[in-house]
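Data block below; observations after.
Numbering of residues begins at 1 and proceeds along the displayed sequence. Just so it is clear, the structure is predicted and the values come from calculations on it, not from any experiment.
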Amino acid sequence: MPSPYLTSDELRWAQDTISSISGAFTAKVVGQSRLHETLLIALLTGGHVLLESVPGLAKTTAAQTMAQAVGGTFHRIQCTPDLLPSDIVGTQVYNQVSGTFETQLGPVHANVVLLDEINRSSAKTQSAMLEAMQERQTSIGDRSYALPDPFLVLATQNPIEQEGTYPLPEAQMDRFTLKDVLDYPSPAEEAEVLRRIDSGVFEGISGPVVSIPDVKRLQGLVSRVYVDPAIVNYIVGIGYVTRHPRDYIEARLAAYVDYGASPRASIAFMAAARARALVDGRNHVVPDDVKALTHRVLRHRVSLGFEAAADDVPVEHVIDAMVGGIRTP
């Protein structure tokens with residue numbers, strides 16, 4: 001029976017494995033250190049990521065590179081208003097030769113799936129992803145088909161173009177473990193991108209540096225990273241404050257909050273903090289792991305009213321006030 005806590009050998013192996021994945025990532029993706037950490041956390045926890053950024057910030061390259069690094073399959077789905085659920089999960093096709101229906105699995109059946117501009121797809125198509133993301137299976141006809149393991153959905157939204165889009169409902173956004181917002185690269189990073197294009201770095205297809213069983217072992221090690229009861233109470237306390245903001249932050253900011261985070265936020269905090277600790281080479285979670293994740297865990301779970309948009313108050317500002325309203329262990 002394995003030890004409930006990580007041994008030094010297990011921690012060393014995890015560090016070497018994560019370092020190999022990180023090396024493959026940084027060879028293809030310039031900068032974007034927070035995206036790098038977000039994707040690693042999602043891979044190690046089996047969670048999903050919602051990304052918000054303008055086009056051209058290497059989201060597709062990052063997802064494809066992560067899939068190649070672990071020897072997994074990768075599919076990209078470009079969401080459009082006429083995209084049907086069957087275009088994602090698959091359908092049954094009639095075979096005239098055999099006189100029977102044959103099942104053709106859709107592109108969601110991959111280890112890493114990029115849903116590009118998910119808010120361009122209709123509500124019916126968005127809902128088809130709920131079963132895949134939550135239950136790790138799809139239903140076609142009268143049968144269910146298990147998705148590959150590990151399974152990671154990376155969905156993107158374009159914030160500057162709202163015409164012809166369908167905002168994601170809160171129930172679906174809650175299924176995403178993390179939401180990250182990407183920034184433009186610095187001039188030095190953009191110059192490095194151009195140099196790598198000239199040198200042909202992006203032309204070749206990189207081979208895997210670790211295997212799928214390695215990823216599954218990493219996921220098992222994450223679940224054994226120690227979380228002190230004080231950290232657990234800290235996580236639960238943050239969730240509680242989002243639901244009762246008037247008792248902890250100034251009334252002006254509390255008035256902007258319509259809904260707080262669900263218990264899925266606490267589950268995401270726990271899993272993501274464990275993964276971040278392991279990425280950082282530790283076998284235990286510290287409060288800084290939780291603090292570093294507050295925006296990514298809560299920005300799509302804390303719902304603000306229209307007054308916040310009118311007053312140009314970002315959700316991150318309200319989240320910072322909430323986290324500052326409780327004692328750090």
Side-chain angles (χ1 to χ4, degrees), residues 9-49 51 53 56-77 107 109-116 147-156 177-178 180 182-183 185-186 188-222 225 271-272 274-282 292 296:
D9 288 341
E10 288 174 325
L11 196 58
R12 194 179 306 111
W13 177 87
Q15 278 297 98
D16 291 341
T17 306
I18 292 172
S19 178
S20 297
I21 299 173
S22 297
F25 186 89
T26 54
K28 285 287 186 76
V29 181
V30 179
Q32 301 292 9
S33 57
R34 196 177 63 242
L35 173 61
H36 177 200
E37 182 183 78
T38 297
L39 291 183
L40 273 177
I41 290 172
L43 184 69
L44 268 56
T45 59
H48 308 298
V49 178
L51 286 179
S53 82
L57 296 189
K59 298 182 293 293
T60 302
T61 301
Q64 190 169 18
T65 300
M66 188 66 73
Q68 290 173 351
V70 302
T73 53
F74 171 78
H75 285 156
R76 176 182 174 274
I77 303 171
H109 288 265
N111 294 114
V112 180
V113 177
L114 178 68
L115 286 174
D116 218 351
L147 290 165
D149 184 23
F151 174 64
L152 165 63
V153 171
L154 180 64
T156 73
T177 304
L178 305 171
D180 211 346
L182 304 187
D183 299 321
S186 67
E189 290 171 343
E190 195 163 351
E192 176 62 22
V193 171
L194 299 182
R195 282 192 290 269
R196 293 192 186 186
I197 290 174
D198 276 349
S199 64
V201 169
F202 302 107
E203 294 176 1
I205 298 177
S206 304
V209 294
V210 301
S211 64
I212 291 295
D214 289 334
V215 175
K216 292 181 180 179
R217 185 184 176 191
L218 281 174
Q219 292 177 343
L221 295 182
V222 166
V225 172
R274 278 178 158 147
R276 188 178 186 274
L278 192 63
V279 169
D280 204 34
R282 286 177 281 108
R296 283 175 277 183

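For the pair Gln219/Thr45, no side-chain contact is recorded, criterion being any heavy-atom separation below 4.5 Å from C-beta on. A heavy-atom distance below 4.5 Å is found between the side chains of Arg276 and Arg282. A heavy-atom distance below 4.5 Å is not found between the side chains of Leu218 and Leu43. Residues Lys28 and Arg196 form no side-chain contact, since every pair of their non-hydrogen atoms from C-beta on lies 4.5 Å or further apart. Side chains of Trp13 and Arg217 form a contact here, defined as non-hydrogen atoms less than 4.5 Å apart. For the pair Leu51 and Val49, the minimum side-chain heavy-atom distance is below 4.5 Å. Between Leu44 and Ile18 the shortest side-chain heavy-atom distance falls below 4.5 Å. The shortest side-chain heavy-atom distance between Val113 and Ile77 falls under the 4.5 Å cut-off.
In terms of heavy-atom proximity, Thr61 sits nearest to Val29 at CG2-CG2, 4.1 Å. Here the closest non-hydrogen pair linking Ala14 and Leu221 is CB-CD1, 4.0 Å. Scanning all heavy atoms of the two residues, the minimum distance from Ile212 to Gly71 falls at CG1-O, 4.0 Å. Across Ala63 and Leu154, no two heavy atoms sit closer than the pair CB-CD2, 3.4 Å. For the residue pair Ala277 and Val225, the shortest heavy atom distance occurs at CB-CG1, 4.1 Å. In terms of heavy atoms, Val112 sits closest to Ala67 at CG2-CB, 3.7 Å.
Between the side chain of Asn111 and the main chain of Pro150, a donor-acceptor pair closer than 3.5 Å is present. Remark: the backbone N or O of Ser19 is not paired with any side-chain donor or acceptor of Ser22 at under 3.5 angstrom.
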(request) Check step by step if side-chain contact (heavy atoms from CB on, under 4.5 Å) holds for Leu39 and Asp180. (result) CA-CA 10 Å; Leu39 291 183; Asp180 211 346; over 6 Å; no
(message) The test is ring-ring contact (aromatic ring centres under 6.0 Å, His included); show your working for Phe151 and His109 and say whether it passes.
(response) CA-CA 9 Å; Phe151 174 64; His109 288 265; 8.3 Å; no
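Residues forming a ring pair (Phe, Tyr, Trp, His ring centres under 6.0 Å) with His75 (at least two apart in sequence, or on another chain): none. Not a single salt bridge (Lys or Arg N to Asp or Glu O under 4.0 Å) links Asp16 to another residue, sequence neighbours left out. The ring pair (Phe, Tyr, Trp, His ring centres under 6.0 Å) search around His36 returns Phe25, not counting sequence neighbours.
At a threshold of 4.0 Å, the pair Arg195-Asp198 does not count as salt-bridged, since none of the basic side-chain nitrogens sits closer than that to a carboxylate oxygen. In this structure, Arg296 pairs ionically with Glu37, as a charged nitrogen and a carboxylate oxygen lie closer than 4.0 Å.
For the residue pair Thr156 / Asp116, a side-chain donor-acceptor distance below 3.5 Å is found, with atom types taken as modelled.
How far CG of Leu114 is from CE of Met66: 13.0 Å, rounded to the nearest 0.5 Å. To the nearest 0.5 Å, atoms CD1 (Ile21) and CG (Asp214) are separated by 8.0 Å.
Atom CD of Glu190 has 12 or fewer heavy atoms from other residues, nucleotides or ligands within 6.0 Å.
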